Amino acid sequence: MEATKIQLSEKETPRQWYNIQADLPFELPPVIHPGTGKPIGPDDLAPLFPMALILQEVSRERYIDIPEPVQEIYRLYRPTPLYRARRLEKALDTPAHIYYKYEGVSPPGSHKPNTAIAQAFYNKEEGAKRLSTETGAGQWGSALAFACNLFGLECQVFMVKVSYNQKPYRRVLMETWGAEVIPSPSPRTKAGRDVLAQDPNSPGSLGIAISEAVEAAVTTPGSKYSLGSVLNHVLMHQTVVGLEAKRQLEMAGDYPDVVVGCIGGGSNFSGFALPFVRDKIVEGKKTRIIAVEPTASPSLTKGLYTYDFGDTARTTPLIKMYTLGHTFIPAPIHAGGLRYHGMAPIVCALYDHGIIEAVALPQVPVFEAAVRFARAEGIVPAPESAHAVKVVIDEALRCRESGERKVLAFNLSGHGFFDLAAYEEYFAGKLQNYEYPEEKVKEALQALPQLAL
Ligand SMILES: *Cc1c(COP(=O)(O)O)cnc(C)c1O
């Protein structure tokens, strides 16, 4: 019997992260200061982030050592397994080989601690006492709470108020790891008080929560801010996923023809895909690399590639990215982690240069694929990860028609145990598809900052 679960030994696990910036065949557009219109420098970011992370953000070094204390915590759940989805292949009657890397085995249940642990480490090293962040449904907040706890840092999480009230379990998880969770908008910050003065019943938004977390970090001595996706250093920390997967595929005697991941801010997709992007750029491999987004939040497939703010409150630097506009208000789809208006600059540049592809999917067929996967493989995917599942199932079915024995590999970024209410809605036939209207994209793009670039 050939292997179903392909496991690396601790000795074979990566000791370095891969930095794609060393191999990009183009320059990344600079990040711009909204006040001066000039590229920002390290000093502009120093109130928010430790210097080690600021330097990683712009580093051209190809491989960066993973500090030993970070590796030690990674060993709680890494290396993660790569599975050959033999039962799914059989159920689909496909000649394709399907592989998935499973990041749901981390204590918070997703890939997010891969960067949370690294960020907590560098902050602690440079003397921070507390990290502030925002969270929507709570996946990032729980990853950071977990990491801060292990390094003895305080963790303050501004959680979008509507989720705070409706989704208590991730909040309890954060509190279990010792974090302070504050419903946002809150009276703690000027940003929060301003919103509350206008609308005491504001349900909050990720944009407001970002403004509160940033303000709390820069106005409190010993505090820094932490971001769970989008930035170059976050994507780099996630490359442990793809580096492991590449070795595991080698052990299985396969190399992927198609690499798939879902995209919200772009971190789990990049972590899995960038080592294969490297092979495409450096060795001329012909791999198809596909990023999957929801039709309700279609940054790559419908957005404009231009400079925009990272947050609704216009507090961040300007980043060149595929954006739906910072005023974008997402539909209430269940893949909460995919509802961001922009996208990681590295993912955007790769897409712009035709090195990766993108597709957008509505949520009903995504849940259908998730249930099909769960019934074949046992693991219940997070709604975000299910977007990748759907693309792979469709490709495997095309292989059944054509008889091609393609190798398909995807990142199963997390489990869906905190999303069972969404599955329940799907079973009850209550889930709706949302298509973000073209007019709204155009409208939101009117509010883009004007830059003389
Ligand atoms: C947060 C999250 C995502 C989306 O974020 P990326 O930065 O695009 O990876 C995807 N899957 C899971 C399970 C998540 O928690």
Side-chain angles (χ1 to χ4, degrees), residues 77 80 100-116 119 133-146 157 159-160 163 167 169-170 173-174 206 226-242 260-274 290-294 296-300 310 321-322 330 333-348 350-351 356 358 360-361 363 366 370 373 379-391 410-419 422:
Y77 63 96
T80 61
Y100 59 96
K101 179 74 167 158
Y102 186 44
E103 290 296 302
V105 294
S106 77
S110 78
H111 65 287
K112 288 191 169 81
N114 297 330
T115 185
Q119 293 190 39
T133 197
E134 70 286 338
T135 199
Q139 288 128 317
W140 169 242
S142 55
L144 195 67
F146 160 74
V157 183
M159 185 172 190
V160 178
S163 304
K167 300 192 170 169
Y169 298 128
R170 285 232 174 242
L173 191 59
M174 292 184 256
L206 208 51
S226 177
L227 194 63
S229 189
V230 179
L231 299 178
N232 302 342
H233 68 264
V234 176
L235 272 49
M236 186 189 74
H237 298 154
Q238 292 294 351
T239 58
V240 285
V241 179
V260 184
C262 67
I263 47 166
S267 76
N268 89 84
F269 165 79
S270 299
F272 184 61
L274 291 179
I290 307 173
V292 195
E293 59 188 12
S297 182
S299 325
L300 287 187
M321 57 186 176
Y322 282 87
I333 56 162
H334 285 288
L338 306 185
R339 293 184 302 187
Y340 183 59
H341 69 274
M343 186 51 59
I346 287 178
V347 172
C348 294
L350 290 169
Y351 181 63
I356 65 168
L361 296 176
Q363 65 178 352
V366 163
F373 182 86
I379 294 170
V380 178
E384 292 86 355
S385 322
H387 286 72
V389 174
K390 168 70 177 157
V391 164
F410 72 99
N411 195 19
L412 191 61
S413 51
H415 67 63
F417 291 166
F418 288 94
D419 304 282

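In what follows, every heavy atom counts, from backbone to side chain, and hydrogens, waters and symmetry copies are set aside. First listed ligand is number 1; within each ligand, the first listed atom is number 1. From a predicted model like this one, the values you see are computed outputs, not experimental measurements.
- Considering only heavy atoms from C-beta on, Val380 stays 4.5 Å or farther from His415 through its side chain.
- The protein non-hydrogen atom at the shortest distance from atom 4 (C) of ligand 1 is Gly337 O, 3.3 Å.
- Proximity of Gln238 to ligand 1 is not established, as no heavy-atom distance is less than 4.0 Å.
- Checked against a 3.5 angstrom limit, the closest N/O atoms of Phe269 and ligand 1 fall outside it.
- The closest side-chain heavy-atom distance from Asn411 to Val260 is not below 4.5 Å.
- The side chain of Leu338, and not its backbone, has at least one atom closer than 4.0 Å to an atom of ligand 1 (non-hydrogen atoms only; side chain from C-beta on).
- Taking the six-membered ring for Trp and thresholds of 30 and 60 degrees, Tyr100 and Tyr102 have ring planes more than 60 degrees apart, a perpendicular arrangement.
- Close approach of ligand 1 to Gly266 is summarised as follows: ligand atoms under 4.0 Å from at least one heavy atom of the residue are 6 (P), 7 (O), 8 (O).
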Side chain to side chain contact (heavy atoms under 4.5 Å, CB included) evaluation trace for Met343 with Leu300:
CA-CA 8 Å; Met343 186 51 59; Leu300 287 187; 4.1 Å; yes
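- Proximity of Pro113 to Pro108: side-chain heavy atoms (C-beta onward) are separated by under 4.5 Å at one or more points.
- For Ser229, a nitrogen or oxygen atom sits less than 3.5 Å from a nitrogen or oxygen atom of ligand 1, counting backbone and side chain alike.
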Does Leu144 form a side chain to side chain contact (heavy atoms under 4.5 Å, CB included) with Ser226? I'd like the steps, not just the answer.
CA-CA 8 Å; Leu144 195 67; Ser226 177; 3.6 Å; yes
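- Atom 11 (N) of ligand 1 has as its closest protein heavy atom Ser413 OG, 2.8 Å.
- For a threshold of 3.5 Å applied to N or O pairs, the pair formed by Gly264 and ligand 1 contains at least one separation below that value.
- Residue contacts with ligand 1: Gly265 is placed with a nitrogen or oxygen under 3.5 Å of a nitrogen or oxygen of the ligand (distance criterion only).
- Considering only non-hydrogen protein atoms, atom 3 (C) of ligand 1 sits nearest to Lys112 NZ, 3.6 Å.
- Close contacts of ligand 1 with Gly414, meaning ligand atoms under 4.0 Å from a residue heavy atom, involve 13 (C).
- Below 4.0 Å from some heavy atom of His111 lie the following atoms of ligand 1, by number and element: 2 (C), 3 (C), 9 (O), 10 (C), 11 (N), 12 (C), 14 (C).
- Looking at Ser270 and Val347, their side chains come closer than 4.5 Å, going by heavy atoms from C-beta outward.
- Every atom of ligand 1 is numbered from 1 in the order shown, and the set under 4.0 Å from a heavy atom of Cys262 is 10 (C).
- Annotation: side chain of Thr115 is not in contact with side chain of Met236 (no heavy-atom distance under 4.5 Å).
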Decide side chain to side chain contact (heavy atoms under 4.5 Å, CB included) for Tyr340 and Ile263; before the verdict, give the C-alpha distance in whole Å, the side-chain angles of both, and the deciding distance to 0.1 Å.
CA-CA 9 Å; Tyr340 183 59; Ile263 47 166; over 6 Å; no
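- Only the backbone of Ile263 comes within contact range of ligand 1, with a heavy atom under 4.0 Å; no side-chain atom does.
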